[in-house]
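Contents: one structure, followed by commentary.
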There are 2 protein chains.
Amino acid sequence: MGIIEEDLFDLAELFKVFGDSTRIKIIYSLIDGEKNVTNLVEDLNMSQSAVSHQLRILKTAKLVRGRRDGKAIFYSLDDDHVKAIFEKGLEHIVHG
Amino acid sequence: MGIIEEDLFDLAELFKVFGDSTRIKIIYSLIDGEKNVTNLVEDLNMSQSAVSHQLRILKTAKLVRGRRDGKAIFYSLDDDHVKAIFEKGLEHIVHG
DNA sequence: CCTACACATGAACAACTGTTCATACATTCA
DNA sequence: TGAATGTATGAACAGTTGTTCATGTGTAGG
């Protein structure tokens, strides 16, 4: 497993996506299970626009994925790594 | 383990520190073991000032720690969590 | 002391980021 | 088709971030 400079760049980009309060709240909210945008807006108490913008960033980074059901779009964490990274970070917080 | 809003904020702040190429390179470089600033400057091929500025951020976030030996200051990862978080992130990259 | 070396730090500036506001797109139902 | 609901998106703007440049601090040796 040879790590090249590009991997380190990508890694920084990944953590950059985790490094925002709004996006972290979205990820935390989705650990419970999938939620649509309206649910998330209520959960975070933020504007629908702000949440949608951040969902797009999370989706582009392949951290969440969306599934349409009628008018609503339900988002969920894309894979188990997302939760794992979240939890590893949390460990560092609570043991600090 | 009740997670409150402040924890999520701190968590985002933590990932924010990981979310920069220079700092990720420093962390990666320190996985090998402690290094002084001059070593890191050569390793990253960046200005001493830029590296020092980022070291300060990493130190403030308690991700690295410094130990003076004569004129040099040797930096190392502060605890095992740092490496663990780095590696969890890397898993997501290489399986992408 | 004075110089050289190792590192830190403050100011400044360009680049980037996240929110808001307005508007557009998509789907359902009457 | 028209209205209502759910979501996405572009522009714009303030706030933040990382680098550079210049300078300051600390340590060892002569």
Side-chain angles (χ1 to χ4, degrees), chain A residues 5 8-30 33-78, chain B residues 5 8-30 33-78:
Chain A
E5 181 139 357
L8 295 176
F9 179 84
D10 292 342
L11 191 51
E13 290 302 303
L14 173 68
F15 285 128
K16 206 169 286 184
V17 180
F18 278 87
D20 173 77
S21 286
T22 300
R23 291 192 292 268
I24 275 288
K25 285 180 195 165
I26 291 175
I27 290 170
Y28 177 61
S29 187
L30 293 181
E34 66 174 11
K35 292 189 178 149
N36 65 24
V37 180
T38 302
N39 294 154
L40 289 170
V41 166
E42 290 164 355
D43 230 50
L44 305 197
N45 196 33
M46 292 184 65
S47 77
Q48 177 265 313
S49 180
V51 172
S52 271
H53 275 299
Q54 299 310 324
L55 280 170
R56 195 165 81 81
I57 291 173
L58 287 165
K59 201 169 150 190
T60 301
K62 300 225 188 295
L63 299 191
V64 308
R65 100 192 100 181
R67 152 184 95 75
R68 182 177 280 277
D69 179 20
K71 279 180 289 190
I73 297 184
F74 285 83
Y75 282 91
S76 54
L77 300 185
D78 192 273
Chain B
E5 181 139 357
L8 294 176
F9 179 83
D10 292 343
L11 190 50
E13 291 301 304
L14 173 67
F15 285 128
K16 206 170 287 184
V17 180
F18 279 86
D20 173 76
S21 285
T22 300
R23 291 191 294 267
I24 276 287
K25 286 179 194 165
I26 291 175
I27 290 170
Y28 177 59
S29 187
L30 293 181
E34 67 174 10
K35 290 188 180 149
N36 65 24
V37 181
T38 302
N39 294 154
L40 288 170
V41 166
E42 290 163 354
D43 230 50
L44 305 198
N45 196 33
M46 290 186 64
S47 77
Q48 178 263 315
S49 181
V51 172
S52 271
H53 275 298
Q54 298 312 322
L55 280 170
R56 195 165 82 82
I57 292 173
L58 287 164
K59 201 170 152 191
T60 302
K62 300 226 189 293
L63 299 191
V64 308
R65 103 192 95 181
R67 152 183 95 75
R68 181 177 281 277
D69 179 20
K71 280 180 288 189
I73 297 184
F74 284 83
Y75 283 91
S76 54
L77 300 185
D78 192 272

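Protein chains get the first letters and strands the later ones, always in sequence-line order, with residue 1 at the start of each.
Residues B:M46 and B:V51 share a closest heavy-atom pair of CB-CG2, 4.1 Å. The minimum heavy-atom distance between A:V41 and A:Q48, with the atom names listed, is CG2-CA, 3.6 Å.
Remark: side-chain polar atoms of A:S29 are not paired, donor with acceptor, to backbone N or O of A:K25 under 3.5 angstrom.
Checked against C:dT19, D:dT20, D:dT7, the side chain of A:T22 finds its nearest nucleotide in C:dT19. When distances are taken from the side chain of A:Y75 to each of D:dA8, D:dG18, C:dA8, the shortest belongs to D:dA8.
Between the NZ atom of B:K25 and the C1' atom of D:dG18 there is a distance of 13 Å, given to the nearest Å. The distance from atom CD of B:E13 to atom C1' of D:dT16 is 11 Å, rounded to the nearest whole Å. As rounded to whole Å, 17 Å separates atom P of C:dA6 from atom CD of B:E34. Across the protein-nucleic acid pair, A:L58 atom CG and C:dG18 atom C1' stand 13 Å apart, rounded to whole Å. B:K71 places its NZ atom 15 Å from the P atom of C:dA8, with the value rounded to the nearest Å. Between the CD1 atom of B:I24 and the P atom of D:dG18 there is a distance of 12 Å, given to the nearest Å. Distance NZ (A:K35) to C1' (D:dT7): 18 Å, rounded to an integer number of Å. Look at CD1 on B:I57: it is 13 Å from C1' on C:dA8, rounded to the nearest Å.
Every residue two or more places apart in sequence or in another chain that forms a side chain to side chain contact (heavy atoms under 4.5 Å, CB included) with A:I57 is listed here: A:V17, A:R23, A:Q54.
In terms of position along DNA chain C, the nucleotide closest to A:K16 lies nearer the 5' end than the nucleotide closest to the other residue of the pair A:D69 and A:K16. Residue whose closest nucleotide on DNA chain C sits further toward the 5' end, between A:R68 and B:S49: B:S49.
Remark: A:M46, A:S47 in residues 36-48 of chain A come within less than 4.0 Å of DNA chain C through at least one heavy atom.
Atom CG of A:L63 and atom CG of A:L14 lie 6.0 Å apart (nearest 0.5 Å). To the nearest 0.5 Å, the span separating CG on A:L55 from CG on A:L30 amounts to 7.5 Å.
The residue A:F74 sits apart from the nucleic acid: no heavy atom pair falls under 4.0 Å. Contact annotation for B:A50: base contact, defined as any heavy-atom pair under 4.0 Å involving a base atom.
Applying the 5.5 angstrom centroid cut-off and the 30 degree plane-angle cut-off, the aromatic ring of B:H53 is not stacked upon the base of D:dT19.
A salt bridge links B:K35 with B:D43; the closest basic N to acidic carboxylate O contact falls under 4.0 Å.
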